[in-house]
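See structure below.
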Protein chains: 4
Amino acid sequence: MKKNKPKYKQIIDAAVIIIAENGYHQAQVSKIAKQAGVADGTIYLYFKNKEDILISLFEEKMGIFIDKINEVIAGKQKASEKLLVMVENHFKILSDDHQLAVVTQLELRQSNKELRLKINDVLKEYLQLVDEILLYGIETEEFSKDLDVRLARQMVFGTIDETVTTWVMNEEKYDLVALAPAVHKLLTNGCRGL
Amino acid sequence: MKKNKPKYKQIIDAAVIIIAENGYHQAQVSKIAKQAGVADGTIYLYFKNKEDILISLFEEKMGIFIDKINEVIAGKQKASEKLLVMVENHFKILSDDHQLAVVTQLELRQSNKELRLKINDVLKEYLQLVDEILLYGIETEEFSKDLDVRLARQMVFGTIDETVTTWVMNEEKYDLVALAPAVHKLLTNGCRGL
Amino acid sequence: MKKNKPKYKQIIDAAVIIIAENGYHQAQVSKIAKQAGVADGTIYLYFKNKEDILISLFEEKMGIFIDKINEVIAGKQKASEKLLVMVENHFKILSDDHQLAVVTQLELRQSNKELRLKINDVLKEYLQLVDEILLYGIETEEFSKDLDVRLARQMVFGTIDETVTTWVMNEEKYDLVALAPAVHKLLTNGCRGL
Amino acid sequence: MKKNKPKYKQIIDAAVIIIAENGYHQAQVSKIAKQAGVADGTIYLYFKNKEDILISLFEEKMGIFIDKINEVIAGKQKASEKLLVMVENHFKILSDDHQLAVVTQLELRQSNKELRLKINDVLKEYLQLVDEILLYGIETEEFSKDLDVRLARQMVFGTIDETVTTWVMNEEKYDLVALAPAVHKLLTNGCRGL
DNA sequence: CATGAATGAGTGTTCATTCAT
DNA sequence: GATGAATGAACACTCATTCAT
């Protein structure tokens with residue numbers, strides 16, 4: 001399995017650094033190879049092509065993301081609490097990794113439609129987590145029984161994503177994690193119904 | 001003033017069509033020129049460079065957008081009503097113009113960071129509209145006096161934007177405008193506080 | 001019509017020179033462009049791709065070849081005489097143009113199968129000339145009425161081609177045109193039957 | 001002697017198969033190694049480089065070729081008969097081995113000039129056989145005493161080669177061996193003189 | 001004003017060969 | 001002897017922009 005070989009992760013980490021530092025369109029394969037400390041050709045022993053590096057990058061990082069969120073959610077009983085730790089951890093992970101934040105919020109979105117569609121596939125797993133929390137909240141009557149889960153999920157993800165993107169675009173000048181409670185309040189209010 | 005000459009709008013409209021049909025990365029200047037019925041060089045009599053076409057496109061369309069929203073907002077007394085007609089009209093304008101929806105939600109986001117920052121400048125005017133409604137709602141006590149306007153604005157815009165993008169990515173298979181009341185409810189609940 | 005513009009021929013002539021001097025596999029587009037005195041991109045205003053340059057080169061030169069042969073053949077009454085002037089002129093044209101000889105006999109044959117099949121299409125016109133002479137000779141009873149025209153054509157072309165290739169490979173050390181009468185005698189003896 | 005080790009022939013046979021199936025330019029060393037059932041590096045224990053595989057392939061196969069022709073020639077008394085069995089066997093060997101025919105007539109000719117010059121060296125042995133027959137024919141007065149042996153050899157080889165190549169390019173749709181008598185007649189007529 | 005021919009910088013990917021194991 | 005992971009040089013083609021007419 002190539003994914004477990006050290007060079008696989010080495011190349012992905014190099015890609016994050018290069019894309020964060022140079023931007024998506026200036027992230028040439030040769031730059032990534034140099035940063036990873038391998039020859040250009042070695043990249044192609046681990047990845048089908050350049051696009052495959054970027055998709056794998058997203059999969060790899062999003063996997064860590066989802067594992068972490070899953071873990072903290074499991075530790076909470078109430079849907080509202082689950083939502084809070086989700087927002088907190090979402091903000092925290094990106095706060096702690098400046099390069100990852102820039103790459104996922106700004107750079108990778110410049111990729112072409114095909115790549116973005118594949119990235120969306122990876123995102124679906126995250127969106128399902130949101131759905132699960134919302135359904136659980138409806139079940140426990142924390143959230144309105146009339147809640148349109150699809151729309152609520154779009155509110156939750158749209159709000160979180162917009163908040164992070166704004167923060168990144170403002171050069172991360174303020175404390176993102178500190179915003180979690182207020183964001184969480186907006187979201188639960190939205191879901192609770194009147 | 002170049003903006004009032006017929007070829008200015010002719011080129012912008014050609015750009016929307018070409019980008020919608022071919023995608024951002026396949027929208028060459030020569031294609032846009034051909035669609036507009038002018039020579040390649042003529043483009044540069046009206047626009048500084050290719051990026052300038054795209055920014056102008058966004059400004060032009062967003063201007064229409066904001067004018068329309070402004071108009072319908074003015075006709076409503078309550079902040080909640082203003083928010084509803086804003087969502088309704090946002091959805092309606094993009095529902096009515098498939099090409100514009102594809103271009104703004106998917107294609108233009110593939111542009112580089114610099115262009116996206118400039119697009120964000122244009123967006124600010126729209127975000128100010130949202131702010132005004134929110135502040136008005138706080139004033140009229142429709143919304144919580146503790147509402148963090150910046151965060152609430154991010155929720156409003158993030159939710160609307162995510163809803164439209166999801167709809168476009170799902171090939172506009174369902175009625176977007178019909179979702180406006182439910183989305184509106186989520187947002188006002190969020191802003192109202194418990 | 002691009003074929004009549006000066007740069008079209010300019011690029012083809014540059015290609016002959018570059019291929020003759022550097023060999024097929026070292027004839028980069030940029031070298032050809034430089035030799036032709038145009039920018040790399042200009043090549044692509046006149047040719048679809050690199051392969052198209054080579055096919056066009058062959059068509060262009062073979063056209064001149066066939067026109068010349070056609071002309072001299074027409075001036076002769078007997079099939080045997082026609083064959084002689086064909087051989088003489090075939091040898092003469094390549095004797096007079098060292099670079100063309102190297103390109104057609106050695107370099108262009110290194111091209112891939114697809115290109116060679118297209119080159120063969122162009123050659124067919126020449127082979128038809130040979131066929132016409134042979135059929136004419138059978139009609140005038142100069143050649144055996146039992147002659148298998150297809151095989152005889154392969155003998156004529158195979159012998160001429162092998163003779164020229166050997167001459168080029170021997171660095172053109174001897175007088176190719178002087179061999180025409182002897183070659184002609186071999187061929188007419190072959191066709192005449194016992 | 002490496003040539004007698006089993007892997008030597010194994011690799012050459014693999015090369016014939018891979019080149020016949022994929023074409024000269026798609027016959028990578030790694031493909032040949034896989035087909036031969038050895039590691040890439042193993043190739044280089046038996047051959048200096050890729051070119052060396054191809055030259056050895058040609059030598060090996062041409063050796064068999066020449067041995068066979070030598071054998072059948074020795075059994076005939078008259079030069080004309082020797083020529084006939086040469087043509088017959090040349091056609092027969094390639095008729096019986098489709099892959100070898102494709103490789104020698106089409107694929108190997110795409111190799112670069114240097115390789116083709118080395119291949120020509122190997123061919124010389126075959127051409128000497130032709131020369132011997134021609135000289136023997138002159139001696140026995142079957143052929144014209146004025147025959148230019150070099151040119152006649154080019155006719156013999158050029159005709160045979162062109163006939164085989166045309167047959168391969170026509171996807172071997174007709175019976176090549178059946179053409180031998182007619183080709184032989186053309187050649188002996190040519191050599192006999194008036 | 002309008003044209004469109006010409007420019008030329010920039011990059012992902014392949015594959016013969018090596019060499020540490 | 002045998003392996004196969006790693007190497008790194010090499011190149012066709014696109015397209016935003018210019019400028020002579």
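Keep in mind that the numbers below use all heavy atoms, side chains included, and drop hydrogens, waters and symmetry copies. Just so it is clear, the structure is predicted and the values come from calculations on it, not from any experiment.
Nucleotides of DNA chain F with any atom under 4.0 Å from a heavy atom of chain A span, from 5' to 3', F:dA6 to F:dG8.
Stem regions for DNA chain F, each three or more consecutive Watson-Crick or G-U pairs with both distances under 3.5 Å and listed by first number, read E:2-21 with F:2-21.
Between the CG atom of B:Asp161 and the CD atom of B:Gln105 there is a distance of 5.0 Å, given to the nearest 0.5 Å.
The residue among C:Lys7 and B:Lys7 whose nearest nucleotide of DNA chain E is located toward the 5' end is B:Lys7.
Side-chain contact between C:Asn49 and C:Asp52 is present, with at least one heavy-atom pair separated by less than 4.5 Å. The closest side-chain heavy-atom distance from D:Leu45 to D:Val38 is not below 4.5 Å.
Residues from residues 39-60 of chain A with heavy atoms under 4.0 angstrom of DNA chain E, sorted by number: A:Asp40, A:Gly41, A:Tyr44, A:Asn49, A:Lys50.
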Atom pairs and distances, side-chain donor-acceptor, residues 10-18 of chain D, under 3.5 Å, sequence neighbours left out:
unit_1: D:Gln10; atom_1: NE2; unit_2: D:Ala36; atom_2: O; d: 2.9
unit_1: D:Asp13; atom_1: OD1; unit_2: D:Lys61; atom_2: NZ; d: 3.4

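No more than 12 heavy atoms of other residues, nucleotides or ligands sit less than 6.0 Å from atom CD of A:Glu125.
Listed by first and then second residue, the ring pair (Phe, Tyr, Trp, His ring centres under 6.0 Å) pairs involving residues 26-62 of chain D are D:Tyr8-D:Phe47 (not counting sequence neighbours).
Looking only at distances, a side-chain donor or acceptor of D:Arg116 sits under 3.5 Å from a matching main-chain atom of C:Leu106. Here the side chain of A:Lys50 pairs a donor or acceptor atom with the backbone of A:Ala27 at under 3.5 angstrom.
Of all the heavy atoms in C:Ala101 and C:Leu94, the pair that sits closest is CB-O, 3.6 Å.
One atom, NZ of C:Lys5, and another, P of E:dG4, lie 11 Å apart when rounded to the nearest Å.
A search for side-chain hydrogen bond (donor to acceptor under 3.5 Å, both in side chains) contacts involving D:Gln28 returns D:Gln26, D:Lys31, not counting sequence neighbours.
If you check every strand for non-hydrogen atoms under 4.0 Å, A:Val29 touches a base.
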